[in-house]
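Working notes for the structure below.
Each residue takes its place number in the sequence, starting with 1. When a ligand or atom number is given, it counts from 1 through the structure's own listing order.
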Amino acid sequence: MRILGIESSCDETAVAIVEDGTRLLSNVVNSQIDIHSAYGGVVPEVAARSHIEVVNLVIEQALEEAHLTWDDIDAIAVTYAPGLIGSLLVGTLAARTLALLKNKPLYPIHHVEAHVYANFITEQAPHIDLALPSKQPAFPMLALIVSGGHSQLVLFRDHGDYELLGQTQDDAIGEAFDKVAKMLGLPYPGGPSIANAALEGDPKAYQLPKARLSGAYDFSFSGLKTAVLRAIQREAGVDITFPSSGLAARLSESQRNNFAASFQYTAVATLVDKAVAAFKEHSPASVVIAGGVAANQELRTQLTQRLPIPIEYAPMSLCTDNGAMIATLGYYSAIRREPVSPFDLTVVPSLSMTKTAWNLSEK
Ligand code: KG4
Ligand code: ZN
């Protein structure tokens, strides 16, 4: 079964075709990073307009790259939640229209749930050259989901059957990377910029606190972000009223790199502490990481060192937003659930995974 997946929830217009929930046939991502970097972050209206401009082209290109036509496609999967409303509307309208025109079943996909499914892609067409995991993860599976909007630990008993163990009480981890990058004067998006600067820095240069929370698997990154701000202010020799936008210019390159490395080390160690604790309690058969921050090499290194079982990683390009993860989860939806009517599909900009575990008696 071949699924065409459409993703447009934030600043990437992405379309991919995946066969049987495991084989990647094409993967096209049109990133708007260049457009938004001038503003230091995603501008929702600009994002929606850019999706409109390219969505048809990206769909065409995904078919072309896979050497397929619409006759070869069995279903369409599309992100309907969560995300920026204008961005979600463009992708879902394209998907609904095509489902009607081409007479294909339509599956709405939860973006955060889909990030986990990047780990289920283990095969690829000959023209694609990604370093894929050797096998699909086994259930029960512990997923550490870390993106610009989410930081959570989820225990999957099966496809669609999962429990949220804990989540961030304030900022998402990717958001913290982005905000600290801004303080340090590093370019958007902050995650890769911090990771790069950290390569030249000393992770032990500044002692930063880890948050203590009542929920065993909950996270908090707002305190860490403020601790970095205070430490930068001290190092720059200014008081706490000094505007954070002026701080970067007062740091030397080595101070900046040391802040990037120290922040990254502590933020990642916080994630890994909780993941290891959840592993000990639940003894899952596999552990996966998902979301944009899963592309972080320090996270991969610390997890590999501290988890008692081997872990495989999806390639970096399938960790950040893409259509392949949507098409992959689309397959597991298609074999277990009923499609939705193209007339009824609506977007839900804000929807936690606590509300999306599937009711499998549906089919
Ligand atoms: O999953 P994603 O592409 O979009 C959301 O659904 O949020 O995640 C984007 C986030 C951004 O905060 C970005 O800074 C972060 O992922 N990110 C990284 C890295 N690559 C992307 N964070 C740390 N290290 C990276 N290498
Ligand atoms: Zn995402």
Side-chain angles (χ1 to χ4, degrees), residues 5-14 16 27 29-33 36-37 40-42 44 47 78-84 87-88 91 109-119 143-152 167-168 171-184 186-199 201 203 219 221 224-225 260-261 263-272 288-303 313-326 328-329 349-353:
I6 303 176
E7 155 62 34
S8 74
S9 65
C10 188
D11 59 344
E12 258 96 31
T13 322
N27 186 34
V29 180
N30 182 78
S31 169
Q32 304 177 5
I33 282 180
H36 298 290
S37 57
V42 178
V78 64
T79 306
Y80 78 104
L84 300 169
S87 294
L88 288 167
I109 298 296
H110 189 277
H111 177 89
V112 184
E113 216 179 294
H115 266 300
V116 174
Y117 280 77
N119 294 285
L144 174 63
I145 306 175
V146 279
S147 72
H150 295 82
S151 311
Q152 51 195 40
Q167 61 186 332
T168 184
D171 291 352
I173 172 88
E175 206 178 338
F177 267 86
D178 294 337
K179 287 177 180 168
V180 170
K182 255 191 183 171
M183 292 177 206
L184 295 175
L186 294 166
Y188 164 88
S193 301
I194 294 249
N196 263 332
L199 290 175
F219 302 105
F221 294 103
L224 173 60
K225 184 189 64 190
F263 161 75
Q264 176 178 260
Y265 179 83
T266 306
V268 164
T270 308
L271 293 174
V272 177
V288 297
I289 56 172
V293 183
N296 186 273
Q297 189 54 49
E298 175 67 20
L299 175 59
R300 294 177 176 215
T301 305
Q302 287 194 29
L303 266 180
Y313 299 104
M316 307 275 186
S317 60
L318 298 183
C319 288
T320 44
D321 291 350
N322 64 81
M325 66 190 200
I326 306 301
T328 304
L329 178 52
S350 173
L351 181 63
S352 155
M353 266 179 80

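- Within a 6.0 Å sphere centred on OH of Tyr265, other residues, nucleotides and ligands contribute 12 heavy atoms or fewer.
- Checking side-chain atoms of His150 against main-chain N and O of Ala172 turns up no donor-acceptor pair under 3.5 Å.
- Using a 4.5 Å heavy-atom threshold, the side chains of Cys10 and Asp321 count as touching.
- A donor-acceptor pair under 3.5 Å is formed between the side chain of Gln32 and the backbone N or O of Ala47.
- Between the CG atom in Leu318 and the CG atom in Asn119 there is a gap of 9.0 Å [rounded to 0.5 Å].
- Around the Zn ion (ligand 2), protein atoms of type N, O or S found under 2.8 Å number 3.
- In this structure, the side chains of Ile6 and Ile326 stay at 4.5 Å or more apart for every pair of heavy atoms.
- Listed for the Thr79 side chain is no donor-acceptor partner under 3.5 Å among the backbone atoms of Glu7.
- Other residues, nucleotides and ligands place more than 12 heavy atoms under 6.0 Å from the NZ atom of Lys179.
- Listed by chain and number, His111, His115, Ser147, Gly148, Gly149, Gly174, Phe177, Asp178, Gly190, Gly191, Pro192, Gly291, Gly292, Val293, Ala295, Asn296, Thr320, Asp321 each place a non-hydrogen atom less than 4.0 angstrom from ligand 1.
- In this structure, Phe221 and Phe219 have parallel ring planes: the angle between them is below the 30° cut-off, well short of the 60° mark.
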